[in-house]
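Note sheet for the following structure.
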Amino acid sequence: MKTLIPSIKGTRDFYPEDMARRNWLYEKIRQVSLAYGYQEYDGPFLEKIDLYAAKSGEELVKEQAFVFPDRGGDLITLRPELTPSLARMVSQRQGRLVFPLRWWSFGPFWRYERPQKGRTREFFQWNIDLIGPNSPEADAELVAIAAGFFEATGLTPDRVAIRVNNRKLMETQIQSLGIQVAKRQDVFHLIDRRDKMDPQAWEAYARERGLENSQVRGILNLLADSNLWQQSAEMQRFFAALDALGASSYVHFDPAVIRGLDYYTATVFEAYERAAGGRAILGGGRYDNLVSDVGGAPVSAVGFAMGDVMISIVLAELGLLQEGIGSGARVLVTVFDETRLAAAYLLASDLRRAGVNTACYPEAVRLEKQLKYADRMGMRWVLISGPDEEARGLVTVKDLKEHTQIQLGYSDLAQVFRGMLALERAV
RNA sequence: GUGGCUGUAGCUCAAUGGCAGAGCACUUGACUGUGGAUCAAGGGGUUGCGGGUUCAACCCCCGUCAGCCACCCCA
């Protein structure tokens with residue numbers, strides 16, 4: 001006990017209260033995903049490194065993936081993202097699957113990064129994708145799902161927002177400024193960095209990239225134009241669909257949203273906390289080369305990913321994350337003394353068989369201690385049976401919340417508890 | 001990978017280079033069959049680890065480890 005082996009850097013221990021929060025988050029994600037008709041799936045947690053080399057950015061695989069050789073010498077990767085596995089799964093059954101696919105997943109991922117606020121090395125991520133159709137309406141559906149999730153967790157539009165842009169729109173605009181196609185990635189990168197640098201440094205950086213003053217000014221004008229979306233028929237359809245889906249209050253057009261990832265091809269979006277310095281909560285967009293990158297026929301897809309760490313921080317700061325989860329049971333059977341241990345276990349067992357989650361104190365210690373235990377574990381009812389109760393065939397039922405206690409006949413207990421638990425759930 | 005801050009009781013934190021403390025929690029009792037409240041007593045520490053300076057180090061210096069935060073990056 002003297003030398004504790006520390007946990008791996010960037011991992012988290014999930015104590016029961018943490019696990020309760022994680023499950024709560026999972027449940028919200030699940031409800032929203034199912035509401036839109038999405039099916040849950042998952043891929044392996046381990047993949048060959050080649051799967052990522054085919055598609056992901058270099059940084060992700062070379063710098064940030066956990067990679068190790070297996071006993072046969074193959075390089076194995078703890079999955080840093082799900083999309084390549086998804087691409088393979090779709091590709092393998094491309095002829096058999098019924099499109100459009102609506103798939104979602106929530107599972108662990110690993111990235112070898114320096115931990116900081118909102119970032120760990122082991123985290124959970126919600127992935128959700130609509131695969132097959134290539135339409136602005138499909139894009140709107142994914143954004144509406146993100147908005148629906150926020151709504152379900154109590155995050156109102158004044159706290160979080162989703163900004164949307166379209167890379168094709170931006171490409172057209174950039175071209176009309178007389179910037180060659182070859183510099184497109186540079187310009188995207190430039191736009192992405194706009195609010196991370198001070199204006200002068202940004203302009204100097206732009207000129208280093210070979211942009212003329214007029215072009216830099218042109219880009220700045222684009223970024224200031226909140227009506228730019230009206231020049232894109234796709235974006236007009238997108239916002240019309242979003243309106244129909246009832247998600248508009250969370251969403252606005254923002255020409256500065258580009259997303260770092262190279263594989264996005266059209267719509268891109270990200271959700272962020274409105275508070276000062278609010279970081280990105282989720283991000284996604286349309287990517288058209290999903291399956292062809294792993295060797296299948298081209299399929300278009302739109303989707304997003306949300307890590308559990310940042311959203312949990314945001315929810316916790318606003319007091320929206322479920323707190324104070326106690327024992328799984330609401331009922332504790334106390335043990336009056338050594339001679340009544342078996343009787344207590346029998347009582348608890350009978351209640352369980354009747355469908356009431358029940359814990360029994362496992363040793364005959366002072367009643368005071370058992371009551372305190374129930375209280376601290378968040379159990380509401382305590383059953384006591386000593387000589388007095390036994391003589392009359394009754395059991396004392398103490399309600400720790402209401403500070404009341406009554407005596408019931410042994411055979412009535414199960415039914416009464418089912419009623420009380422149902423009543424409690426209804427409240 | 002770069003930089004900053006912090007490591008003291010189970011927890012949150014004090015302590016001019018001079019006896020290592022408080023609150024909460026825990027144990028026991030006031031109260032031999034009843035939780036949260038009150039009171040009293042008690043148990044608890046290699047001050048992250050290793051070295052150095054000093055008569056004397058939680059305090060100063062060097063190293064190291066860990067945590068947090070920012071940069072980088074963001075699938």
Side-chain angles (χ1 to χ4, degrees), chain A residues 1-13 51-65 77 79-87 109-121 123 125-127 129 189 192-193 196-197 257-264 268 270 272 277 279-285 287 290 293 303-307 309-310 313 326 332 334-337 340 361 364-391 395-407:
Chain A
M1 203 51 204
K2 176 147 192 191
T3 51
L4 268 177
I5 308 243
S7 54
I8 303 277
K9 183 199 275 286
T11 62
R12 292 167 291 168
D13 293 327
L51 181 71
Y52 303 101
K55 181 195 136 290
S56 305
E58 295 221 328
E59 169 108 12
L60 180 56
V61 179
K62 290 187 178 151
E63 311 282 339
Q64 298 188 342
T77 303
R79 64 180 187 182
E81 59 163 332
L82 188 58
T83 307
S85 305
L86 170 63
F109 296 86
W110 295 265
R111 290 176 195 166
Y112 196 83
E113 297 183 283
R114 190 92 162 239
Q116 55 179 285
K117 188 171 188 179
R119 179 190 292 177
T120 56
R121 287 184 173 180
F123 57 95
Q125 198 174 65
W126 177 25
N127 284 266
D129 292 273
H189 191 237
D192 203 34
R193 296 190 55 79
K196 290 175 187 167
M197 303 174 71
V257 173
I258 285 295
R259 307 291 303 158
L261 214 56
D262 287 346
Y263 63 62
Y264 288 125
V268 285
E270 63 188 25
Y272 63 101
R279 287 182 39 147
I281 295 169
L282 62 83
Y287 45 103
L290 170 67
D293 282 345
F304 68 80
M306 181 188 79
V309 183
M310 200 60 205
I313 289 172
L332 178 74
T334 58
V335 178
F336 191 81
D337 56 32
R340 292 177 172 84
Y361 208 89
V365 296
R366 290 184 306 130
L367 199 53
E368 182 184 348
K369 190 168 178 179
Q370 299 184 49
L371 285 168
K372 192 164 189 173
Y373 173 78
D375 186 40
R376 299 201 54 180
M377 290 301 290
M379 298 167 163
R380 180 166 172 183
W381 291 281
V382 173
L383 300 192
I384 302 165
S385 182
D388 297 349
E389 286 86 353
E390 273 175 17
V395 175
T396 295
V397 179
K398 186 174 174 70
D399 185 330
L400 297 184
K401 189 180 171 194
E402 297 297 327
H403 313 274
T404 57
Q405 69 180 48
I406 55 174
Q407 294 196 322

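Every chain is numbered from 1 and lettered A, B, ... according to where its sequence line falls, protein lines coming before strand lines.
Counting non-hydrogen atoms under 4.0 angstrom, A:Gln116 reaches a base of the nucleic acid. If you check every strand for non-hydrogen atoms under 4.0 Å, A:Glu113 touches a base. At a threshold of 4.0 angstrom between heavy atoms, the contacts of A:Glu389 include nucleobase atoms, whether or not backbone atoms are also involved. Among the atoms of the strands shown, none is found under 4.0 Å from any heavy atom of A:Arg380.
One can place NZ of A:Lys398 at 5 Å from C1' of B:U34, the figure rounded to the nearest angstrom. Taking atom CE of residue A:Met379 and atom C1' of nucleotide B:U34, one finds them 16 Å apart after rounding to whole Å. Counting to the nearest Å, the P atom of B:C68 and the NZ atom of A:Lys117 are 12 Å from each other. To the nearest angstrom, P of B:C74 lies 20 Å from CG of A:Leu82. Atoms CZ (A:Arg79) and P (B:C74) sit 21 Å apart, rounded to a whole Å. At whole-Å resolution of the value, NZ in A:Lys9 and C1' in B:C68 are 10 Å apart. Atoms OH (A:Tyr361) and P (B:G35) sit 14 Å apart, rounded to a whole Å. The interatomic distance linking A:Leu332 (CG) with B:G35 (C1') rounds to 11 Å, in whole Å.
In this structure, the side chains of A:Val309 and A:Arg119 stay at 4.5 Å or more apart for every pair of heavy atoms.
Residues satisfying the side-chain contact (heavy atoms from CB on, under 4.5 Å) criterion with A:Gln125, sequence neighbours excluded, are A:Phe109, A:Arg111, A:Phe123, A:Asn127, A:Ala305. Every residue meeting the ring pair (Phe, Tyr, Trp, His ring centres under 6.0 Å) condition with A:Tyr361, not counting sequence neighbours, appears here in chain and number order: A:Tyr373. For A:Arg366, the side chain to side chain donor-acceptor pair (under 3.5 Å) partners are A:Glu368, not counting sequence neighbours. Applying the side chain to side chain donor-acceptor pair (under 3.5 Å) criterion to A:Arg380, with sequence neighbours excluded, gives A:Asp399, A:Glu424. Taking the side-chain contact (heavy atoms from CB on, under 4.5 Å) definition, one finds that A:Ser385 meets it with A:Glu389, A:Glu390, sequence neighbours left out.
Comparing the P positions of B:G18 and B:G29 gives a spacing of 41 Å, expressed to the nearest Å. Distance noted for atom C1' between B:C60 and B:G23: 30 Å (whole Å). A distance of about 34 Å separates the P atoms of B:U6 and B:G43, rounded to the whole Å. If you take atom C1' in B:A14 and the same atom in B:U8, they sit 9 Å apart, rounded to whole Å. Comparing B:G17 with B:G3, their C1' atoms sit 30 Å apart, to the nearest whole Å. Nucleotides B:A40 and B:C31 are separated by 16 Å at their P atoms, to the nearest Å. Distance noted for atom P between B:C71 and B:A56: 45 Å (whole Å). Taking atom C1' in both B:G42 and B:G50, the straight-line distance is 36 Å, to the nearest Å.
For B:G33, the OP1/OP2 oxygens have no side-chain nitrogen or oxygen of A:Arg340 closer than 4.0 Å. Phosphate proximity of B:C68 to A:Arg114: absent, as no side-chain N or O sits under 4.0 Å from OP1 or OP2.
A donor-acceptor contact under 3.5 Å is formed by the side chain of A:Gln405 with the base of B:U34. Scanning atom types as modelled, no donor and acceptor separated by under 3.5 angstrom connect the side chain of A:Arg119 and the base of B:C69.
In terms of position along RNA chain B, the nucleotide closest to A:Ile313 lies nearer the 5' end than the nucleotide closest to the other residue of the pair A:Asp192 and A:Ile313. Nearest-nucleotide positions on RNA chain B place A:Asp399 closer to the 5' end than the other of A:Gln125 and A:Asp399.
Shown here for A:Pro115 and A:Gly10, the closest heavy-atom pair between the two residues is CG-CA, 3.9 Å. Between A:Glu113 and A:Arg121, the shortest heavy-atom contact is O-NE, 2.6 Å. Between A:Leu400 and A:Ala374 the shortest heavy-atom distance is CD1-CB, 3.8 Å.
Listed nucleotides: B:U34, B:G33, B:C73. Nearest to the side chain of A:Phe336: B:G33. The A:Asp388 side chain lies nearest to B:G33 when the options are B:U34, B:G33, B:C26. Proximity note for A:Lys372 (side chain, C-beta onward) versus B:C26, B:C73, B:U34: the nearest is B:C26. For A:Arg366, the listed nucleotide lying nearest its side chain is B:G29; candidates were B:C26, B:G29, B:G33. Side-chain atoms of A:Pro387 lie closest to B:G33 of the nucleotides B:C73, B:G33, B:C26.
With A:Val395 as reference, A:Leu383 is the one residue of A:Ile384, A:Ile406, A:Leu383 to meet the side-chain contact (heavy atoms from CB on, under 4.5 Å) rule.
When base pairs are accepted only as Watson-Crick or G-U wobble with both N-N or N-O distances under 3.5 Å, RNA chain B takes part in stems of 3 or more pairs at B:1-7 with B:65-71, B:10-13 with B:21-24, B:26-30 with B:38-42, B:48-52 with B:60-64.
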